[in-house]
2 protein chains.
Amino acid sequence: MAERVDKVAARRAELAAATLRTLAELGYARTSLREIAQNSEFSHGVLHYYFQDKVDLITHCVREYKAICVTRYDQVVATATTPAQLREGFLEKLAQTLVEEPHMHRLWYDLRNQSMFEPSFRVDVAAIDDSLERMVWRVVSRYADLVGTPPLVTPPVMYALFDGLFQQALLRQLAGDPAAAADLQAGVTAVVAQVVPADRAAVPG
Amino acid sequence: MAERVDKVAARRAELAAATLRTLAELGYARTSLREIAQNSEFSHGVLHYYFQDKVDLITHCVREYKAICVTRYDQVVATATTPAQLREGFLEKLAQTLVEEPHMHRLWYDLRNQSMFEPSFRVDVAAIDDSLERMVWRVVSRYADLVGTPPLVTPPVMYALFDGLFQQALLRQLAGDPAAAADLQAGVTAVVAQVVPADRAAVPG
DNA sequence: GGAAAATCTTGACGACTGTCCAGAGGGCGG
DNA sequence: CCGCCCTCTGGACAGTCGTCAAGATTTTCC
């Protein structure tokens, strides 16, 4: 019986992976179930065997997507012992994912935008946004610990700043700007310097 | 002859307005030409009389949209004579447009996102983004003048920060969060305090 | 092995899409 | 008054869409 469930879960994951590939390539507006099926090794009918409808399918994909993203910088946070190590490790991973996975990132922004129009996406999208905010805050608060000064903005604001910088960089990356990644690193560095000041007299209270 | 041109331009603008209304309501993914026509006083056939195809229509709308947005804060910049006046005026207009025109803003983010998938939108979207960046910079650099200290980040970074904050606020506003506008104002205030420091020994003699 | 259940394919359905076009309406110059 | 041209309508077209269900295929179990 447990094998049954696992088998079904595995197939659902397989179809979800094909869906994510298709969404990343075409975007939400142009992704159809038949296109998804063609990106898998099954026919289009099977999608309605494992998922109730299109919204159910995409919602499931969004939840799977979450698991991929959210631990991206945890390794860096866990291993860094100096502010410079953490900063450099983070900046490198940031630029790496921008250059190597721009399609997945534009998919995320696409789906988050859809949630502004389609209420059925809102709960899951908001949950992912919260996870990303916590991910950013794990990095920033660890960095603040290492430099000895607390961050000067709240977690939601911090996340919004990083998100804005990353989104602009993604637009330029997808437009073919070769300096997108480097400028993103510079921008993040400049902002962090202001918001988690390392040099200033680090005397709390 | 000039009247002919004006008449055509007026009708194009009329249809573009109906298109913008439809896009703001439904989003790019669910906007069809027939739906646009129903939001106007004409039939769907006329759209192909004034526009080459759907992409041409939407591109034209995006260009019109630009004119609406870009001068939003110029009045505040022109009339403010103290940092507090400028800050308060800007924050008020920022919150006002978030609350009163969330649909137009989600449309903008939707179209900007589409440009990540559809290269035909990229040029116009990038041009609008530049305009918005300059708009933000007019406000910030004027504010910096008034407080007597230069901004500590570049215009692109400054725009990315504001954009990130606004987008998060928009998500919450559309999800029904009544504190979205106030939190946006608080976030912007906090960031500006770090990035255009007012207090630090820079009082003009 | 054979029955039963799970899984997958295939084709169909009505609805909707962008695009095109034949022709209707109407105002204007002659 | 006619005829012309600009404007607009509404239907037709060839696709595509999500959804569904009947049947074929495979797997499971006794």
Side-chain angles (χ1 to χ4, degrees), chain A residues 1-62 110-111 114 117-121, chain B residues 1-62 110-111 114 117-121:
Chain A
M1 170 150 97
E3 300 169 6
R4 273 271 168 274
V5 176
D6 286 357
K7 208 100 181 280
V8 168
R11 176 92 348 139
R12 282 169 68 95
E14 194 176 349
L15 293 170
T19 306
L20 277 175
R21 278 197 301 273
T22 311
L23 282 168
E25 183 191 354
L26 299 178
Y28 177 82
R30 277 170 289 280
T31 292
S32 69
L33 297 181
R34 284 169 176 84
E35 196 80 31
I36 293 169
Q38 274 195 330
N39 278 13
S40 79
E41 53 180 3
F42 303 99
S43 70
H44 68 272
V46 83
L47 290 169
H48 278 87
Y49 184 78
Y50 287 100
F51 299 93
Q52 190 176 354
D53 54 17
K54 195 185 182 184
V55 170
D56 181 35
L57 169 61
I58 292 186
T59 298
H60 187 265
C61 288
V62 171
D110 196 14
L111 294 177
Q114 287 306 315
F117 294 93
E118 190 139 359
S120 37
F121 288 168
Chain B
M1 170 148 103
E3 301 170 6
R4 276 272 169 271
V5 176
D6 286 355
K7 207 101 180 277
V8 168
R11 177 87 355 130
R12 282 171 68 96
E14 194 176 349
L15 293 171
T19 306
L20 277 176
R21 278 196 301 273
T22 311
L23 282 168
E25 183 191 356
L26 300 179
Y28 177 83
R30 275 171 290 280
T31 292
S32 70
L33 296 182
R34 284 170 176 82
E35 195 81 32
I36 293 169
Q38 274 195 331
N39 278 13
S40 78
E41 53 181 2
F42 303 99
S43 72
H44 69 271
V46 82
L47 289 168
H48 278 87
Y49 183 79
Y50 287 100
F51 298 94
Q52 192 176 354
D53 56 17
K54 194 184 181 183
V55 170
D56 181 33
L57 169 61
I58 292 186
T59 300
H60 187 266
C61 288
V62 171
D110 195 14
L111 293 176
Q114 287 307 314
F117 295 93
E118 189 138 359
S120 38
F121 288 169

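Sequence lines set the chain letters: A, B, ... in the order given, protein chains first and strands last, and positions in each chain run from 1.
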Within the structure provided, determine whether B:Ile58 and B:Phe51 are in side-chain contact (heavy-atom separation under 4.5 Å).
no
For A:Thr31 against A:Lys54, the heavy-atom pair lying closest together
O-NZ, 3.0 Å
Do A:Ile36 and A:Arg21 have side-chain heavy atoms sitting under 4.5 Å apart?
no
What I'd like to find out is whether the side chain of A:Glu41 reaches to under 4.5 Å of the side chain of A:Glu14, using heavy atoms alone.
yes
Give a yes or no on whether a salt bridge exists between B:Glu25 and B:Arg30, defined as a side-chain N under 4.0 angstrom from a carboxylate O.
no
Which of residues 18-34 of chain B sit near DNA chain C, with a heavy atom under 4.0 Å from it?
B:Thr31, B:Ser32, B:Leu33, B:Arg34
What is the distance from NZ of B:Lys54 to C1' of D:dG15, rounded to the nearest Å?
14 Å
Mind calculating the distance between CD (A:Glu14) and P (C:dT7) to the nearest angstrom?
13 Å
Could you state the atom-to-atom distance from NZ of B:Lys7 to P of C:dG26 in whole Å?
14 Å
Tell me: CG of B:Leu57 to P of C:dT17, nearest whole Å?
14 Å
I need the minimum non-hydrogen distance between A:Asp53 and A:Asp56, along with the two atoms involved.
OD1-N, 2.9 Å
Please give me the minimum heavy-atom distance between B:Ala37 and B:Ser43, naming the atom from each residue.
CB-C, 3.7 Å
Tell me the interatomic distance from A:Glu41, atom CD, to D:dT25, atom P, rounded to whole angstroms.
19 Å
What's the shortest heavy-atom distance between B:Ala29 and A:Tyr28, and which atoms?
CB-CD2, 4.0 Å
Do any of residues 42-53 of chain B sit with a heavy atom less than 4.0 Å from DNA chain C, and if so which?
B:His44, B:His48, B:Asp53
